[in-house]
Amino acid sequence: MIKMLINNLEVQAEEGYTILDTCKFYGLEIPTICHNDGLSNYGACRLCLVEIGEGTNTKMVSSCTYPAQEGLVVHTDTRRVLETRKMMIELMLSTAPGSKILQDMAAKMGVKQQRFELRNEECMYCGLCVRICAEQMDARAIGFQNRGYQRKISTPFDVKSKECRLCGACMYICPACQLRCQGPDAETAICSGCLDMDPTCVDVYDELQCWMYDAGECGTCIRKPSEVADDIEEPKEKNA
Amino acid sequence: MHNDPSEFEAIIERHSSEKQYLIPILQDIQSQFNYLPPVALATVSKQLDIPMIDIISVASFYNAFSLTPRGEHVVTVCMGTACHVRGGPKILEEFERRLKVPAGGTTENKQFTLETVACLGCCAIGPVVVVDGDYYAQQTIGKVESVLKKYASKEKNNGKPREN
Amino acid sequence: MASHAKINSAEELKKTVDHHTALRAADDRVTLTVSAGTCGQARGSLDVIASLENAIQEKGLQEKVRVKVTGCHGFCEAEPNIIIQPQDLFYQHVTTKDAEAIIQETVLKDQAVETLLYKDPVNGQTASKESEIPFYTKQNRLVLGDNALIDPTDIREYFSIGGYLSLAKSLSDMTPEDVIETITASGLRGRGGAGFPTGKKWDFTRKSKGDVKYIICNADEGDPGAYMDRSLLEGNPHRMLEGMIIGGYAIGASEGYVYIREEYPLALKNITRAVEQAHEAGLLGENILGSGFSFNVKVYKGAGAFVCGEETALMQSIEGKVGVPRQRPPFPAVKGLWKKPTNINNVETWANVPLILDRGSDWYAQIGTESSKGTKIFSLVGKINNTGLVEVPMGITLREIIYDIGGGIPDGREFKAVQTGGPSGGCLPKEKLDLPIDYQSLMQAGSIMGSGGMIVMDDKTCMVDVAKYFLNFLRDESCGKCLSCREGTQRMWEIVRNITEGQGKEGDLVLLETLAHAVKDASMCGLGQTAANPVLSTLRYFNDEYLAHIKDKKCPAGVCKDLVEYFIIPDKCTGCMVCARVCPQDAITGEKQQVHILDQEKCIKCGACYEACKFDAILVE
């Protein structure tokens with residue numbers, strides 16, 4: 001067993017554990033997008049950053065790829081960690097503004113607005129789709145191409161791939177393709193309205209993808225939980 | 001165009017069909033055909049037993065490779081820091097204007113491909129332009145036309161570098 | 001023939017070296033040493049060599065005069081240059097037309113050709129010898145100096161200056177541990193970027209468990225503005241190779257790789273040849289010099305990706321994969337190339353190794369500062385009079401390099417900044433000119449040593465534009481895996497681009513700085529962790545310039561196209577029509593000998609008129 005300190009707490013990790021594995025084992029919540037237990041560790045989204053080291057000699061590492069090591073000192077909730085995570089989620093939202101998963105995560109971290117020019121690519125290049133296609137479906141139909149800001153995920157020559165069996169795993173795992181959300185405010189706002197949303201509206205949500213024609217037809221997601229509770233008490237009046 | 005796998009098989013044989021030789025093999029194909037023809041990639045994929053998508057990932061990651069045919073002459077404008085502070089971007093703009101293609105593009109008549117390079121390490125003689133391996137030192141906007149003329153008229157200069 | 005028969009023992013090597021050293025000493029021919037690195041060739045040195053040889057032939061002087069073709073001597077500004085011995089003359093900017101005069105005057109009559117002598121751009125004084133030129137006097141060319149002495153294509157030339165003796169010494173008189181101890185004691189630190197102590201690195205890999213170990217020479221010198229590694233590989237490839245073989249012995253590696261960028265065709269050719277020659281001479285291969293140590297080197301050509309200068313990305317690339325850096329730990333010393341313990345150093349680091357073993361660690365450690373030992377080669381480029389490679393002891397100040405060696409800023413302009421460390425480094429202002437340069441001091445000032453690029457900027461350089469330039473470079477060269485680096489450099493570039501286009505808003509600088517810190521903190525590899533340095537250092541030292549762009553919508557240096565206009569100064573315009581002719585937009589009109597008029601509507605600010613005007617009558621503001 002490996003002994004280390006996480007948030008001043010003495011913990012033990014098994015050989016081969018990452019910092020993230022260890023945190024999860026002890027019930028410490030660490031936000032992440034690109035990590036999935038069924039897939040290889042990747043370290044692309046940088047949300048699961050933690051600070052390691054002591055005193056002035058600390059650095060930030062992605063907990064999903066950094067191995068647990070004897071004597072390691074880890075902090076998961078320093079100001080530096082939280083502020084950097086906020087910037088990461090803001091960057092992600094700027095290219096995938098419609099992702100409910102990202103929006104909820106951002107709202108939870110206290111991000112209210114994203115400040116960058118929107119690029120509606122609906123992708124944050126987390127690579128979950130690439131990995132599920134290769135590792136779980138054994139298809140290798142899609143992959144990363146180019147580099148830097150031109151990096152993209154596609155099939156060879158951008159045409160239908162022979163290897164693709166249309167299994168849909170890539171769409172299933174994508175944090176941006178599902179549950180599109182376009183809140184009632186400006187495009188760049190992170191409304192946090194549906195963070196505590198009662199799941200009763202999911203039927204409507206699926207059908208309309210929550211485009212909410214005149215903003216508020218359903219309304220569950222833009223009202224405060226207390227108001228939602230009122231609705232539940234008097235559902236008939238609302239529907240009448 | 002290049003649809004015969006045997007052409008590429010010969011290149012692969014020069015190395016070995018081990019996965020680690022992917023990049024040298026692609027380099028050889030690129031230098032012989034001036035781009036990576038789709039059939040070449042399919043042949044390499046089969047012979048080296050590497051999924052096509054991984055080959056495309058490599059081919060699109062490195063600057064040396066091009067997935068579309070390049071022009072007869074490749075004009076490379078150095079974008080190094082030293083060239084930059086000495087006016088490199090203005091030279092590039094002039095090439096773009098004269099060739100009517102953006103950096104990275106190939107002219108319609110397939111005569112020229114205009115490329116940029118991060119640094120050629122000839123910082124003392126910048127701004128530097130290289131055409132088909134010939135170095136042109138201390139370029140100015142005014143010299144661009146004459147450099148292009150040399151190649152447009154297909155005049156050969158024996159592959160020797162020369163000062164301009 | 002440049003090859004050499006197999007040498008079977010350290011004794012035999014010593015004899016070979018003695019033989020060639022004696023031959024060199026006994027050669028009393030007049031020697032014309034011509035520099036012919038890539039820059040020299042681009043300036044026509046090959047033609048100069050051909051015409052010199054012609055002239056020698058015509059005069060029937062083949063027995064008395066020889067032309068020696070070497071790599072780059074480092075004084076790039078003077079290319080092509082010739083050193084003539086025994087007259088000890090230095091000629092610069094030689095052209096084919098001068099060949100005749102050189103033979104006639106200097107070789108036959110022992111007289112200097114005045115027009116070819118070096119003239120100081122500052123005080124106009126002439127210098128006839130290399131040693132009299134200020135560019136050379138403050139340098140300590142321990143590593144680079146040999147470039148001027150040898151023909152890099154011939155291993156015997158390297159023998160003639162004592163080549164491979166350090167290898168023989170290591171193999172016959174020292175244990176691998178002794179070698180590592182010597183390197184550790186010398187204080188040598190990596191010359192490629194972060195400056196990790198070399199001996200310590202070797203020791204890690206030596207102690208790492210593994211049946212097979214590798215060493216790598218990182219010759220993927222990607223920092224724009226740095227070219228000392230190219231020069232060393234072009235001009236003295238055996239020296240780097242000797243360092244590698246010694247390293248292989250010390251670490252216990254059986255195989256080495258030289259990973260060289262494809263943009264350096266001549267360096268690639270010369271190192272490939274050097275490896276072949278070393279093999280033939282028995283300095284590579286099985287049982288080297290009868291010591292029982294076997295070692296081979298492969299040369300691997302890069303495919304054009306800056307990120308492959310990062311050691312783990314480089315290993316990915318050798319393995320035939322996309323150059324995406326790997327998570328560390330495990331460190332390369334434990335799991336490197338093909339998951340085997342691997343040690344990687346850059347060209348300049350390896351080239352220092354034979355020197356340290358030859359002269360001893362004590363001697364080496366007395367050069368430099370407390371924390372940084374030895375010399376460092378810098379490439380002094382940009383707005384500087386004496387462009388070139390300068391090798392100086394650590395601890396020298398920026399002012400000494402820029403003014404004493406570099407001869408200051410051309411055209412009497414004012415120094416504004418010097419950029420060190422490439423895209424991972426930063427821009428240092430006037431106030432930092434007296435900074436003694438070593439790893440620590442540069443880091444504290446917000447820059448890094450990097451591989452040693454030193455780009456000098458004058459008042460006509462816009463620092464916001466420089467930040468934009470590096471961000472544009474990085475957003476393309478980032479491998480794109482980490483969100484922080486890929487999206488972070490892209491977004492920083494967008495903000496800075498908007499500022500240079502006059503679209504800057506209040507709050508931009510705060511966002512830029514916050515983002516820059518986040519990119520630095522959140523990225524995995526060295527590229528991302530340092531990607532914000534050009535922004536942070538310019539924000540720190542040149543905040544005014546950013547504000548001028550944002551608030552006044554002005555580019556003080558007159559660089560940012562959208563914020564400047566071109567004007568014709570009536571008093572200076574002579575009506576020569578040159579600007580009107582070169583204008584691609586026909587935006588300039590006017591009669592001969594009349595003041596011309598520039599139509600702002602049509603002007604695309606290409607700069608052609610500014611460049612063409614001989615009377616400084618074009619104003620950019």
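In what follows, every chain begins at residue 1, and chains take the letters A, B, ... in the order their sequences are listed.
- Counting heavy-atom neighbours within 6.0 Å of A/F25 CZ, excluding the residue itself, gives a total of 12 or less.
- Around the CD atom of A/E70, the shell of radius 6.0 Å holds more than 12 heavy atoms that belong to other residues, nucleotides or ligands.
- B/R14 CZ: more than 12 foreign heavy atoms inside a 6.0 Å radius.
- Using non-hydrogen atoms only and a strict 4.5 Å limit, the part of residues 44-63 of chain B facing chain A consists of B/P51, B/M52, B/I53, B/I56, B/S57, B/S60, B/F61, B/Y62, B/N63.
- Residue A/E121 qualifies as enclosed at atom CD: its count of foreign heavy atoms under 6.0 Å is above 12.
- The contact between A/A141 and chain B is made entirely by backbone atoms, counting heavy-atom distances below 4.5 Å.
- Of the two parts of A/T155, only the backbone, made up of N, CA, C and O, holds a non-hydrogen atom closer than 4.5 Å to a non-hydrogen atom of chain B.
- Heavy-atom pairs under 4.5 Å with chain B were tallied for A/Q150, A/R147, A/K162; the largest tally goes to A/R147.
- Heavy atoms from other residues, nucleotides or ligands lying under 6.0 Å from CG of A/N57 number 12 at most.
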